[in-house]
Protein chains: 2
Amino acid sequence: MTLSSDHLPSSACQPDRAILRQRLTAAGLRATTQRILILESLMVLPGHPTAEQVHRQVVLAEPTVSLGTVYKTLDSFVAAGLSKRVASAEGPCRRYDSDCNAHHHLYCIDTKEIIDYSNPELDALIRDFFATHGLGNFQPHSFSLHVAGSRIS
Amino acid sequence: MTLSSDHLPSSACQPDRAILRQRLTAAGLRATTQRILILESLMVLPGHPTAEQVHRQVVLAEPTVSLGTVYKTLDSFVAAGLSKRVASAEGPCRRYDSDCNAHHHLYCIDTKEIIDYSNPELDALIRDFFATHGLGNFQPHSFSLHVAGSRIS
DNA sequence: TTCGTTGCAAATACTTTGCATAGCC
DNA sequence: GGCTATGCAAAGTATTTGCAACGAA
């Protein structure tokens, strides 16, 4: 959560390939077929997919893409600022998030789902708290709240 | 044999074995030598150790303890509520925390340090927010705030 | 004595690496 | 054409599992 947070995720539906290509080159990466597909999969998959999940999605469109390439590519995306690595206490370690805007996470204990959540009011509340209380010699830049809970039926 | 203080900072607390034994049985676990040592190591190691780190600590006192046992035991601790699994985006996946009281994390961008932080006032603030605003059909049980920032010099 | 726990080692899951080739710019 | 990214496969970590032997209750 950047301390000046505002906006919401884009329409996550079917991103245009040309725009993906643009985002790649803008980030200083060559726009290869694989990278376009991987970026597309990242944006389309719900939650925070693992490399494995991204790969399963990508091979639907292009069966020759290897898992190793997915790993390398996701790392290069992180290095280029196109995606973030998020931690998970469950399952495989490395998970990726295409949404570089900071947001909070709701973790469902029952289904192990991770749901993105953002709320400017909450952000303001926490930001104000730090502004008035301070953290000693620690200067906060951004924050992210992890909420564990379960679905009410 | 106790974990020798040669390997530990003198400031680290040295929990009494009898109390550890009690905590284990209270949690419904048999108080084996291995479990006592592993629980002790968890409490004594700084930060959020990996299974590997716990194992390295345990074998100092009892060289026959296997890494597999450490994994199984840490999982049973989590199941019994004696410790928590915490996520880390860096390095090995599974990390463990002996402190079951919820707390927050300050992450120093410069030094990569993770500092534990707790503040009941902040907890109340966030809890109240959820109580009044709700999260749809999601019922929050616990939460943890991750703050990234840097030291002011 | 009983039944859960341990140690071991093999199996599996996850991730990285090296190198020849393919394909973007 | 130059040079980076890819595919493949093998190596390297991390974690889980199965089972006979052990030990706490």
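Atoms considered below: every heavy atom in the structure, side chains included; atoms not considered: hydrogens, waters and symmetry mates. Below, chains carry the letters A, B, ... as their sequence lines are ordered, and counting in each starts from 1.
End-to-end axis angle for the helix from dT1(C)-dA25(D) to dC25(C)-dG1(D), using five pairs per end and rounding to 10°, comes out at 40°.
One can place CD of Gln22(A) at 13 Å from P of dC25(C), the figure rounded to the nearest angstrom. One can place CZ of Arg21(A) at 9 Å from C1' of dC24(C), the figure rounded to the nearest angstrom. As a whole-Å value, the separation of Arg56(A) CZ from dA13(C) C1' is 13 Å. In this entry the distance linking CG of Leu67(A) with P of dC14(C) reads 10 Å, nearest Å. Counting to the nearest Å, the C1' atom of dT15(D) and the NE2 atom of His55(B) are 14 Å from each other. Between the CD atom of Glu52(A) and the P atom of dT16(C) there is a distance of 14 Å, given to the nearest Å. The interatomic distance linking Glu62(B) (CD) with dT6(C) (P) rounds to 12 Å, in whole Å. Nucleotide dC24(C) holds its P atom 14 Å from the CZ atom of Arg17(A), rounded to whole Å.
The side chain of Lys72(B) lies closest to dT6(C), out of dT6(D), dT6(C), dC25(C). Looking at the side chain of Thr25(A), the nearest of the listed nucleotides dG7(D), dC25(C), dG7(C) is dC25(C).
Formation of a donor-acceptor pair under 3.5 Å by the Arg94(A) side chain with backbone atoms of Thr50(A) is not found in this model. Checked by atom type and distance alone, the side chain of Arg35(B) pairs as donor or acceptor with a backbone atom of Arg30(B) at under 3.5 Å. Without hydrogens or angle criteria, Arg95(A) side chain to His48(A) main chain gives a donor-acceptor distance under 3.5 Å.
The two residues Leu67(B) and His55(B) make their nearest non-hydrogen contact at N-NE2, 3.4 Å. Minimum interatomic distance between Leu20(B) and Ile36(B) (heavy atoms only, all atoms of both residues): CD1-O, 3.9 Å.
Residue pairs meeting the side chain to side chain donor-acceptor pair (under 3.5 Å) criterion with at least one member in residues 65-75 of chain A, sequence neighbours excluded, are Ser66(A)-Thr69(A), Asp75(A)-Tyr96(A).
In the region residues 27-36 of chain B, proximity to DNA chain D at under 4.0 angstrom, judged on heavy atoms, holds for Arg30(B), Ala31(B).
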Step by step, work out the side chain to side chain donor-acceptor pair (under 3.5 Å) result for His104(B) and Ser118(B). CA-CA 6 Å; His104(B) 308 295; Ser118(B) 49; over 6 Å; no
So Thr64(A) and Glu62(A), side-chain contact (heavy atoms from CB on, under 4.5 Å) or not? Walk me through it. CA-CA 6 Å; Thr64(A) 63; Glu62(A) 188 64 55; 3.7 Å; yes
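Phosphate contact (OP1/OP2 of dT15(D), side-chain N/O of Tyr71(B), threshold under 4.0 Å): present. One finds no side-chain N or O of Ser66(A) lying less than 4.0 angstrom from the OP1 or OP2 phosphate oxygen of dC8(D). A close approach under 4.0 Å does occur between a side-chain nitrogen or oxygen of Thr73(A) and OP1 or OP2 of dT6(D).
No side-chain donor from either of His103(A) and Ser144(A) sits under 3.5 Å from a side-chain acceptor of the other.
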